[in-house]
Number of protein chains: 2
Amino acid sequence: MTTPSPRLVEFNQNLHAMGLRNTPQRTAVLEYLDSTDTHPSAAEVYSALKQRYPGLSFATVYNTLDLLVGMGYISVLGDIGDNQAHFDSNIVPHANLVCVRCHSITDIHSPHLENLGTFITQESGFEVVNSRILYYGLCPVCQQKTKNT
Amino acid sequence: MTTPSPRLVEFNQNLHAMGLRNTPQRTAVLEYLDSTDTHPSAAEVYSALKQRYPGLSFATVYNTLDLLVGMGYISVLGDIGDNQAHFDSNIVPHANLVCVRCHSITDIHSPHLENLGTFITQESGFEVVNSRILYYGLCPVCQQKTKNT
DNA sequence: TTTTGTGCAAACGTTTTGCAATTAT
DNA sequence: ATAATTGCAAAACGTTTGCACAAAA
């Protein structure tokens with residue numbers, strides 16, 4: 001067996017600190033989200049883990065995703081055009097580029113994001129907890145496909 | 001009767017130009033969205049107009065919202081935590097501040113948005129069509145309520 | 001008159017819920 | 001032991017769809 005990542009260790013510690021339990025399903029969901037940059041939906045998490053955990057249920061996947069969001073380990077991108085909410089384990093503020101054709105999601109970091117965040121916090125009177133920055137368009141691959149049509 | 005806004009006039013002209021028809025329902029939906037800054041959901045649009053158009057159906061509301069999005073007259077904010085997609089008639093790029101407690105949505109404009117948009121376009125290889133910039137947190141009113149709890 | 005748009009009601013798919021069985025502690 | 005968590009199945013909810021009727025052009 002592999003050594004668990006620091007994030008997983010911390011997650012388990014935080015669970016205990018909150019009086020919650022450390023279950024294989026919870027670990028598996030976070031581990032899976034950390035292992036991919038495809039921004040999966042609940043259904044995709046379920047499918048990916050169903051093989052290894054045959055008894056896994058949608059209820060558990062949704063419960064765990066909600067828990068992880070609440071604990072700040074992942075964030076929700078919401079529906080990206082395929083009628084499913086997608087999740088992102090990259091909690092560093094960044095922009096998500098959503099391809100409206102193939103529904104791929106690419107992360108992009110920008111120095112301007114920090115400025116924007118600071119501006120919002122200072123100007124709005126809001127106590128900002130989280131952000132969801134999505135740009136919609138055509139990814140390079142789909143631009144190519146469109147030209148060939 | 002009041003004079004229709006330039007935007008409504010242009011909308012009707014564009015409908016004709018596209019070979020589509022100018023119906024009271026279509027005008028009413030756009031007019032309603034233009035009249036409010038509450039970023040309504042489909043259900044809220046339906047409720048608001050149902051009084052004046054008793055026969056109005058959800059199908060028409062959804063069809064019209066899709067049409068308006070497609071024509072670029074409104075944009076979709078998506079689910080903001082209440083499990084309903086919300087719509088925004090403010091198509092000038094801006095950030096939306098979503099209160100996670102009362103689900104209010106406030107628009108805020110920032111000079112940094114333009115820089116961010118330019119950066120994304122230049123760096124990503126994406127052909128950006130649209131953006132959805134949401135910040136989640138507590139609005140001033142709900143911050144006050146939380147303190148009193 | 002002809003074609004588009006509407007309204008209704010049923011269908012769809014994702015997400016949520018209640019509860020008995022299971023499992024972590 | 002005991003309280004939290006899971007899995008199952010059914011339900012709920014927002015949204016979409018098919019089709020007959022109405023209405024715009």
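Note on naming: letters A, B, ... go to the chains in the order of the sequence lines (proteins, then strands), and numbering restarts at 1 for each one.
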So does A:Ser57 get a side-chain nitrogen or oxygen closer than 4.0 Å to the phosphate oxygens (OP1/OP2) of D:dC8?
no
In this structure, how many angstroms lie between the P atom of C:dT16 and the CG atom of A:Asn63, rounded?
9 Å
What nucleotide, of D:dT5, C:dG5, C:dT14, holds the atom closest to the side chain of A:Asn83?
C:dT14
Would you kindly say whether A:Thr121 and A:Thr118 are connected by a side-chain donor-acceptor distance under 3.5 Å?
no
Out of C:dT14, D:dA25, D:dT5, whichever nucleotide has its closest atom nearest the side chain of A:Thr23
D:dT5
Remember a base hit wins even if backbone is also touched, and classify A:Asn22 as base, sugar-phosphate or nothing at under 4.0 Å, heavy atoms.
sugar-phosphate
Let me know the distance between CG of A:Leu15 and P of C:dT25, rounded to the nearest Å.
9 Å
Between C:dT15 atom C1' and A:Phe87 atom CZ, what is the distance in whole Å?
10 Å
Of B:Ala59 and A:Ser41, the one whose closest DNA chain C nucleotide lies more 5'
B:Ala59
The side chain of A:Gln84 lies closest to which of these nucleotides: D:dT6, D:dT5, C:dT14?
C:dT14
C:dT6 C1' sits how many Å from B:Tyr46 OH, rounded?
13 Å
When B:Ile74 is tested against each of B:Val29, B:Leu65, B:Asn90, B:Asp88 for side chain to side chain contact (heavy atoms under 4.5 Å, CB included), which residue passes?
B:Leu65
Taking any heavy-atom pair under 4.0 Å as a contact, classify B:Ala43: base, sugar-phosphate, or nothing.
nothing
Rounded to whole Å, how long is the line connecting atom CG of B:Asn12 with atom C1' of D:dA24?
13 Å
We want to know whether B:Asn130 and B:Ser75 form a side-chain donor-acceptor pair, criterion being a heavy-atom distance below 3.5 angstrom.
no
Think B:Gln25 has a side-chain N or O under 4.0 angstrom from the OP1 or OP2 of C:dG7?
yes
With distance as the sole criterion, is a donor-acceptor pair present between the side chains of B:Ser5 and B:Asp34 under 3.5 Å?
no
Assess the side chains of B:His39 and B:Asp107: does a donor N or O sit below 3.5 Å from an acceptor N or O?
yes
Which is more 5' along DNA chain D, the nucleotide nearest A:Pro54 or the one nearest B:Pro24? Just name the residue.
A:Pro54
When you get a sec, tell me which of C:dC8, D:dT6, C:dT6 is the closest nucleotide to the side chain of A:Arg26?
D:dT6
Spacing of B:Leu67 atom CG relative to D:dT16 atom P, expressed in whole Å:
14 Å
What is the ring orientation for A:His109 with A:His94, classed by angle as parallel under 30°, tilted 30 to 60°, or perpendicular over 60°?
tilted
Should A:Leu116 and A:Phe126 be counted in the same cluster of Ile, Leu, Val, Met, Phe, Trp and Tyr side chains packed under 4.5 Å apart?
yes
Verify whether one side chain among B:Tyr73 and B:Asn14 offers a donor that lies under 3.5 Å from an acceptor in the other.
yes
Consider the side chain of A:Tyr62, meaning its heavy atoms from C-beta on, and name the nucleotide among D:dA25, C:dG7, C:dT16 that approaches it most closely.
C:dT16
Kindly point out which of C:dT16, D:dG7, C:dT6 is positioned nearest to the side chain of A:Asp66?
C:dT16
What is the distance, rounded to the nearest whole Å, between atom CG of A:Asp82 and atom P of D:dT16?
13 Å
Closest to side chain of A:Arg21, choosing from D:dG7, C:dT6, C:dT23:
C:dT23
Side chain of B:Ala85: nearest nucleotide among C:dT6, D:dT15, D:dG7?
D:dT15
Mind calculating the distance between CG (B:Leu65) and P (D:dT15) to the nearest angstrom?
9 Å
Report the end-to-end axis angle of the helix from C:dT1-D:dA25 to C:dT25-D:dA1; each axis comes from five terminal pairs, and the value is rounded to 10°.
40°
Hey, does the side chain of A:His16 come within less than 4.0 Å of C:dT25's phosphate (OP1/OP2), counting only N and O?
yes
Given C:dT15, D:dT15, C:dA24, identify the nucleotide with an atom nearest to the side chain of B:Ala42.
D:dT15
Per ring-ring contact (aromatic ring centres under 6.0 Å, His included), A:Tyr46 is matched among A:Tyr53, A:Phe58, A:Tyr62 by A:Phe58
